[in-house]
Amino acid sequence: MSEALAQGPFASAHGETVRPPASVVTERPLVRWLLIAVALIFLGLFLVLPLFTVFAQALAKGWTAYLAAFSEPDAQAAIRLTLIVAAIAVPFNLVFGVAAAWAIAKFEFRGKNLLVTLIDLPFSVSPVVSGLIYVLVFGSRGLFGPYLLDHDIQIIFAIPGIVLATIFVTFPFVARQLIPLMQEQGTTEEEAALTLGASGWHAFRTVTLPNIRWGLLYSVLLCNARAMGEFGAVSVVSGHIRGLTNTLPLHVEILYNEYNFVASFAVASLLAGLALVTLAIKSVLEWRYADDIAAGARRH
Amino acid sequence: MGEPVKPRRRFRQKSVIPGFGITLGYTLTCLGLIVLLPLATLVVRASGLGLSGIWEVATDPRVFSALRISFGVSLLAALTASVFGGIVAWVLTRYDFPGRKFADAVVDLPFALPTAVAGIALASLYAPNGLVGEQLAKFGIEVAYTPVGIFIAMVFIGLPFAVRTVQPLIAEIDKEVEEASAILGASRVATLTKVVLPPLIPAVLTGFALAFARGVGEYGSIIFIAGNLPYVSEIAPLLIVIKLSEFDYAGASAIAVIMLAISFVTLLAINLIQAWSRRRFGYV
């Protein structure tokens with residue numbers, strides 16, 4: 001068929017002239033530009049403008065006011081806490097994700113689909129509910145409340161609760177990315193390594209890990225962005241104690257509610273900067289290593 | 001995937017690869033402790049109220065109106081995100097124009113930008129004295145502190161779902177089918193509506209359902225712009241937070257269980273759509 005098309009305009013059975021392929025498979029230029037304009041205006045208005053606003057508002061009163069927001073002890077405590085939480089939650093989900101992907105992708109067993117569905121569960125739970133369930137388990141009137149109270153262990157309204165809620169909301173990130181990727185790569189390379197005498201761990205480190213490294217980096221990046229930016233779940237379990245249990249997003253909220261807009265947007269610009277860096281690295285990884293990140297062309 | 005099931009069924013098929021026991025054990029332990037135990041606690045706590053108790057909470061006027069706002073506005077927002085998301089996905093995959101790669105990267109912004117940051121940015125943009133709010137106020141449109149504000153925040157966070165589920169399918173459309181349709185005498189509009197768009201419907205529906213589910217549960221990007229007036233612009237997740245701050249664990253659990261139930265129905269719908277799509281079109 002493409003040979004016939006390459007010969008240019010020709011007559012159809014009805015005697016009408018059929019246009020050559022270039023114009024047959026796309027819209028008229030006017031329609032094309034109209035659609036492009038609609039898409040770009042929509043993206044600009046809904047996505048780019050809010051991002052721009054964050055930086056514009058943060059710098060509304062100049063650099064001195066902007067930088068002053070970070071010299072506050074509460075802001076520094078919030079930065080520290082956010083880094084601590086991410087430093088625990090991200091490695092935890094990294095190890096979990098690799099282990100889960102290994103078990104699910106390299107072996108055939110019953111109930112696998114159910115297991116994958118359950119791992120995905122946190123994605124479909126509202127952030128607020130993600131926080132609530134930990135209050136129900138560890139809160140003073142929760143499942144383990146009396147026990148924790150007796151032993152003077154505080155989880156809710158303290159750092160452990162924030163870490164747990166963050167782990168919950170970022171739970172599927174790494175596993176979700178690695179499972180289809182490792183499934184596509186199959187088991188033959190590992191089997192070859194094992195046949196040649198490599199230990200299981202050695203085969204994982206020298207064969208599997210290099211195969212999944214870009215997908216792993218990609219998922220860790222997204223996991224980290226979510227871990228540092230989580231608001232709803234953390235808000236429920238944190239108790240909002242300034243300087244103690246305030247993460248960066250919570251600090252943004254407090255400053256905003258105090259009408260301290262410049263400081264609020266200044267702290268927010270830090271998180272927006274993180275989001276931009278994440279997006280930039282993510283895009284570069286996608287352009288360069290598309291096949292090494294996701295299995296096939298489709299991910300769903 | 002893998003070999004066909006052997007006649008004697010066992011839990012797992014034999015393999016020379018080591019580490020099954022330890023990785024599956026670790027996976028199940030983490031899953032159980034982090035995800036299943038807390039969620040089960042919620043279900044147990046809510047079932048303590050009984051169906052009549054949950055019904056009583058759900059029909060409380062303030063709760064009912066919050067649920068109606070959350071679900072109703074999310075439905076509209078997901079619809080809007082699907083329509084514009086479809087156009088964005090089409091433009092990004094089919095046309096070449098300056099800044100295409102940048103526009104493509106920007107689509108994921110709502111995934112990467114923390115919800116609280118999006119929330120205060122939208123609130124300041126759409127406030128009566130904000131950049132956009134001021135212009136809209138001239139036409140008598142109030143966004144901040146009304147359901148319209150909730151709608152805008154939900155479109156923001158739902159958009160990437162709508163774009164990213166449809167995009168890979170548009171990229172895989174076989175151009176020869178379109179050419180065949182055109183050569184057989186179909187107009188471009190006919191080709192689009194009869195040949196190109198029908199196979200995309202399952203993906204559009206999936207994107208719609210994902211955006212809807214995300215909108216219903218969303219909290220951070222909404223509360224700043226919504227103003228949170230009871231009966232007007234108060235969303236269900238916020239009501240959970242309010243109940244928790246009053247130590248009304250039972251009330252909070254009841255609302256949470258209602259929301260969870262509806263998300264599961266949505267998820268189930270997505271799975272059914274995909275199963276149907278597999279049968280109808282041979283792919284997801």
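From a predicted model like this one, the values you see are computed outputs, not experimental measurements. The sequence lines fix the lettering, A, B, ..., with proteins before strands; numbering per chain opens at 1.
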A.B. asks: Counting only non-hydrogen atoms closer than 4.5 Å, does B/Ala40 touch chain A with its backbone (N, CA, C, O), its side chain (CB onward), both, or neither?
C.D. replies: neither
A.B. asks: Could you tell me whether the side chain of A/Lys106 reaches within less than 4.5 Å of the side chain of B/Phe20, counting heavy atoms only?
C.D. replies: no
A.B. asks: Is there a side-chain contact between B/Thr266 and A/Ser124 in this structure, where contact means two heavy atoms from C-beta onward sitting under 4.5 Å apart?
C.D. replies: no
A.B. asks: Report which part of B/Phe247 has an atom under 4.5 Å of a heavy atom belonging to chain A: side chain, backbone, both, or neither.
C.D. replies: both
A.B. asks: Please report the interatomic distance OG(B/Ser15) to CD(A/Glu191), rounded to the nearest 0.5 Å.
C.D. replies: 6.0 Å
A.B. asks: Would you say that B/Val91 contacts A/Phe42 through its side chain, given a criterion of any heavy-atom pair below 4.5 Å between the two side chains?
C.D. replies: no
A.B. asks: B/Leu36 versus A/Leu118: any side-chain heavy-atom pair under 4.5 Å?
C.D. replies: yes
A.B. asks: If we only count heavy atoms from C-beta on, is the B/Ile120 to A/Ser264 side-chain gap below 4.5 Å?
C.D. replies: yes
A.B. asks: Against chain A, label B/Ile255 side chain, backbone, both or neither, depending on which of its atoms sit under 4.5 Å from a heavy atom there.
C.D. replies: neither
A.B. asks: How many angstroms lie between atom OG1 of A/Thr53 and atom CG of B/Leu131, to the nearest 0.5 angstrom?
C.D. replies: 6.5 Å
A.B. asks: First locate atom CD1 of B/Ile262, then atom OG of A/Ser126, and finally report the distance between them rounded to the nearest 0.5 Å.
C.D. replies: 12.5 Å
A.B. asks: Quick one: does A/Tyr134's side chain have a donor or acceptor within less than 3.5 Å of a partner on B/Ile34's backbone?
C.D. replies: yes
A.B. asks: So which residue, B/Asp104, B/Val88, B/Ile17, ends up with the most heavy-atom pairs under 4.5 Å with chain A?
C.D. replies: B/Ile17
A.B. asks: Could you tell me if the side chain of A/Ile133 sits less than 4.5 Å from the side chain of B/Thr41, heavy atoms only?
C.D. replies: no
A.B. asks: Checking B/Leu238 against chain A: side chain, backbone, both or neither under 4.5 Å from a heavy atom?
C.D. replies: neither
A.B. asks: Who wins among B/Leu122, B/Leu39, B/Thr115 for the most heavy-atom pairs under 4.5 Å with chain A?
C.D. replies: B/Leu39
A.B. asks: Side chain, backbone, both or neither: which part of A/Arg32 has an atom under 4.5 Å from a heavy atom of chain B?
C.D. replies: both
A.B. asks: Can you tell me which portion of A/Gln57 sits under 4.5 Å from chain B's heavy atoms? Options are side chain, backbone, both or neither.
C.D. replies: side chain
A.B. asks: Quick check: do A/Thr278 and B/Phe111 have side-chain heavy atoms less than 4.5 Å from each other?
C.D. replies: no
A.B. asks: Under 4.5 Å heavy-atom distance to chain A, tell me which part of B/Ala252 shows up: side chain, backbone, both or neither.
C.D. replies: both
A.B. asks: Counting only non-hydrogen atoms closer than 4.5 Å, does B/Leu260 touch chain A with its backbone (N, CA, C, O), its side chain (CB onward), both, or neither?
C.D. replies: side chain
A.B. asks: Heavy-atom cut-off 4.5 Å, strictly under: side chain, backbone, both or neither for B/Ile152 against chain A?
C.D. replies: both
A.B. asks: Please determine, among B/Ala118, B/Pro114, B/Ala123, the option with the most heavy-atom pairs under 4.5 Å with chain A.
C.D. replies: B/Pro114
A.B. asks: Is it the side chain or the backbone of A/Leu47 that comes within 4.5 Å of chain B heavy atoms, both, or neither?
C.D. replies: both
A.B. asks: Would you please indicate if the ring centroids of A/Phe46 and B/Phe84 are separated by under 6.0 Å?
C.D. replies: no
A.B. asks: Please determine, among A/Leu49, A/Leu45, A/Leu143, the option with the most heavy-atom pairs under 4.5 Å with chain B.
C.D. replies: A/Leu49
A.B. asks: Please classify the contact between B/Val107 and chain A as side chain, backbone, both or neither, with a heavy-atom cut-off of under 4.5 Å.
C.D. replies: both
A.B. asks: Quick check: do B/Leu24 and A/Phe109 have side-chain heavy atoms less than 4.5 Å from each other?
C.D. replies: yes
A.B. asks: Which one wins on heavy-atom pair count under 4.5 Å against chain B: A/Leu164, A/Leu40, A/Val31?
C.D. replies: A/Leu40
A.B. asks: How close do B/Ala116 and A/Pro249 get, counting heavy atoms only, and between which atoms?
C.D. replies: CB-O, 4.0 Å
A.B. asks: Side chain, backbone, both or neither: which part of A/Trp287 has an atom under 4.5 Å from a heavy atom of chain B?
C.D. replies: side chain
A.B. asks: Side chain, backbone, both or neither: which part of A/Phe96 has an atom under 4.5 Å from a heavy atom of chain B?
C.D. replies: both
A.B. asks: With a 4.5 angstrom heavy-atom cut-off, which part of B/Ser253 approaches chain A: side chain, backbone, both or neither?
C.D. replies: both
A.B. asks: Which residues in residues 212-222 of chain B have a heavy atom less than 4.5 Å from any heavy atom of chain A?
C.D. replies: B/Gly217, B/Tyr219, B/Gly220
